[in-house]
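Down below is the structure, laid out as structure tokens.
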Amino acid sequence: MKDRIIKTILILIGVLFTFLMLILPLAIVLFYALREGVVMFFSAITEPFAVAALNLTLLSTGITLVVNTVFGMFAAWTITKYRFRGKQVLTALIDIPFSISTVIAGLAFIAVFGRIGWANPITEALNIRIVFAVPGVVLTAIFVTFPFVSRELIPMMQAQGNEEEEAAALMGAKGFYIFRKITLPKMKWGLLYGVILTTARAMGEFGAAAVVSGRLRGRTNTLPLHIEMLFNEFQLTAAFAVSSILVMISVIILILRHVVEHRMKQEEG
Amino acid sequence: MYVELKNINKQFGDFQASRHVSFTIERGQLIGLLGPSGSGKTTILRMIAGLETPDSGDIFIDGVRVNDIPAAKRGIGFVFQSYALFRYMSVFDNIAFGLKVQKKEQAFIQARVTELIKLIGLEGMEKRRPHQLSGGQRQRVAFARALAPNPHLLLLDEPFAAIDAKVRKELRAWLRETITKVGITSIFVTHDQEEAVEVADEIIITHQGQIEQKGTPIDIYRNPKTPFAAKFVGESTEISAYHQLPGFEQVDGFDRAVIRPEFVRMTKVAKEIYPHASGRGVIEDIFFRGNALEVRVDLSGEKITAYQQLDDDAFEVGEEVSVLIHRLYLSNEQEVRMVENLAINHVGSVFI
């Protein structure tokens, strides 16, 4: 009896908290976005600066995905397959972006590639602009989401071991054939999960982008930066309308994430 | 000889996994590499397969030195401890993998895999994934997969470790029968002496990276060459004050003794036959072992294990009995010697 009361109270607190802190605010975003009618909503999200911001966000997310997926797979492969000195250190270093504020990451990029940075003469000579330009935005997005894929893969690959690969190699299979036929199918769900997390994180990235991009409207402004600008200019409806795009993408990612999680559990069983 | 290891050494960091390992194996034999965990048996297997490289020494298979031949070219079938079946492939594709890699014709692959599936008795399960099979079935698939490309040497790493006890017995008999039928030279690794004794033609005992003894199960059981072999194969009790046992004397250079349960005979005190050769013990515990009783008896402070047939005199815990030990393995750090109970012969000659 006492147990049941405690159980009910705990569930109630959990539901209430989730509703107040998570669902209500998101619902209000949609509510405000549509407050002044569908016409206003569409004009806000089709406005050129909003479209440019969306495009930049998609571009940087896309590049980040490709780079970090490839890197994450290599890192996970190296760390799980080989024994070498400093492996623990490398594993810890990969996690740096998890523990450092993204603003600091942005500042670090400025310190390296900005006018005062030591890499500035090189980039100037090559005629590349990184800070206050699109490459800076992309680089910071890559930095911030660096660990997601490898973090997802390393424990999974460690649990699976590489006996299957050894077995295949013993029967004469070559490296890439083994990777395609055995390793890739084994890691596919973990990889997809890491990719989804990377996407979610890259799309929402704010701190580092705010520092590095210079927030040039229509040029280096990402979607989250654009939203904050609109908000600061008291264009509340527009800010919420553009936010609703990000919210919808997040919901889709959330659903995908659960589907993948479910499939992962099934395949393991 | 078919497989030969010559003075193999292998070190992992500070851990010496193999020390001066040398042995030979004849063609068609089924060999058990037996030893406790960490004794280096799996390392030996993996070096033969080419999955590890020895630091020094030579490995010959069929007269050819294979040290520099890559694993895939050695013509070896390997069954992993956890089977390492390809989890995203069906039973059929698992068995066919080696043949596909060798680019065999489709019709040949079909015929060979069908033949192997029949051999392992899994007809109708070709399309199943490994996780839909029982432990024993998985092991059979791993076995068939290793055999598919027609290797001339089959290596099995702890083939029964992941299977529950009931199925294990059945599978042992099956594996032995099937290997004999296929006629392939095979080496399997195990830490279970019962398994080694039951399955292998010959056993190689490993201990701390060294080979302790090689021989038929019966030979090792009857004539253990090292103290470790004496203790590791067969049930045994080790005692130090063996000269206090009736009928045995202190022998120079041997400071302890190993008693096998079958060296011990217990009778009711009233039925004692050799009073000079026997001592009095107190029954401490009786365990029912299915087809016999395992009895722990306290013989002046030494706890000794013995067997009692079910139709022999029944004892009770706490009862005083006559204990006759008719044989001992004396041992020291290096060697083992078998001695008989002197008082039995002595009394015997008086009777005649």
Side-chain angles (χ1 to χ4, degrees), chain A residues 73 76-77 79-90 152-195 259-269, chain B residues 12-13 15 42 45-46 48-52 66 69-90 93-104 109 129-132 138 141-151 153-158 162:
Chain A
M73 270 162 50
W77 178 266
I79 283 168
T80 51
K81 193 169 159 58
Y82 299 105
R83 282 173 284 199
F84 57 93
R85 197 183 287 266
K87 185 162 138 174
Q88 298 296 330
V89 180
L90 182 67
E152 208 48 55
L153 287 181
I154 289 169
M156 189 175 163
M157 288 170 74
Q158 269 168 348
Q160 289 174 341
N162 50 13
E163 278 198 337
E164 284 173 57
E165 282 84 355
E166 272 185 350
L170 261 179
M171 287 187 267
K174 295 281 184 299
F176 187 66
Y177 187 79
I178 296 176
F179 180 77
R180 204 160 51 87
K181 288 280 184 187
I182 293 163
T183 313
L184 203 57
K186 260 169 68 181
M187 58 158 78
K188 102 186 133 182
W189 292 113
L191 189 64
L192 204 55
Y193 191 70
V195 164
V259 170
V260 169
E261 250 173 39
H262 184 69
R263 289 297 300 268
M264 262 164 98
K265 280 205 192 102
Q266 258 185 348
E267 298 257 342
E268 267 155 32
Chain B
F12 295 108
F15 181 68
T42 296
L45 204 71
R46 291 175 64 87
I48 298 174
L51 294 170
E52 303 283 353
V66 296
I69 298 179
K73 298 262 162 66
R74 291 188 189 184
I76 284 171
F78 199 100
V79 178
F80 287 82
Q81 179 169 3
S82 49
Y83 314 137
L85 292 178
F86 306 133
R87 69 191 81 189
Y88 288 105
M89 291 186 200
S90 65
D93 288 338
N94 261 285
I95 300 174
F97 188 87
L99 301 169
K100 280 185 187 155
V101 168
Q102 292 181 355
K103 304 222 159 49
K104 296 275 195 244
I109 295 177
R129 290 277 192 83
H131 71 265
Q132 295 168 307
R138 278 182 221 176
V141 174
F143 179 74
R145 184 181 70 177
L147 282 184
N150 255 322
L153 178 63
L154 182 67
L155 306 176
L156 306 101
D157 187 6
E158 295 273 6

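Convention: sequence-line order gives letters A, B, ...; per-chain numbering from 1.
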field: Distance (rounded to the nearest 0.5 Å) between B:Phe86 CZ and A:Glu165 CD
entry: 8.5 Å
message: Distance check, rounded to the nearest 0.5 Å: A:Leu170 atom CG versus B:Leu51 atom CG?
response: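 Nearest 0.5 Å value for the CG-CG distance: 4.5 Å.
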query: In residues 142-151 of chain B, which residues are in contact with chain A at a heavy-atom separation under 4.5 Å?
result: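 When heavy atoms of chain A are the reference, residues 142-151 of chain B contributes B:Arg145 within the under-4.5 Å range.
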- prompt: Is there side-chain contact between A:Met171 and B:Leu99, with heavy atoms separated by less than 4.5 Å?
  reply: no
- prompt: So which of B:Gln102, B:Arg46, B:Arg129 has the biggest tally of heavy-atom pairs under 4.5 Å with chain A?
  reply: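 Max contact count across the listed options: B:Arg46.
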Between [X] and [Y], which heavy-atom pair has the shortest distance, and what is it?
X	Y	result
A:Glu163	B:Ser82	OE1-OG, 2.5 Å
A:Tyr177	B:Lys100	OH-CB, 4.5 Å
A:Lys186	B:Tyr88	CA-CE1, 3.4 Å
B:Ala72	A:Ala169	CB-O, 3.2 Å

- prompt: Does the pair B:Met89 and A:Ile182 meet the rule for a side-chain contact (heavy atoms from CB on, under 4.5 Å), with working shown?
  reply: CA-CA 9 Å; B:Met89 291 186 200; A:Ile182 293 163; 4.1 Å; yes
Contact origin within B:Leu85 toward chain A - heavy atom pairs under 4.5 Å: backbone
- request: Please say whether more than 12 non-hydrogen atoms of neighbouring residues, nucleotides or ligands are located less than 6.0 Å from NZ in A:Lys181.
  value: no
- request: Could you tell me whether A:Phe84 atom CZ has more than 12 heavy atoms of other residues or ligands within 6.0 Å of it?
  value: yes
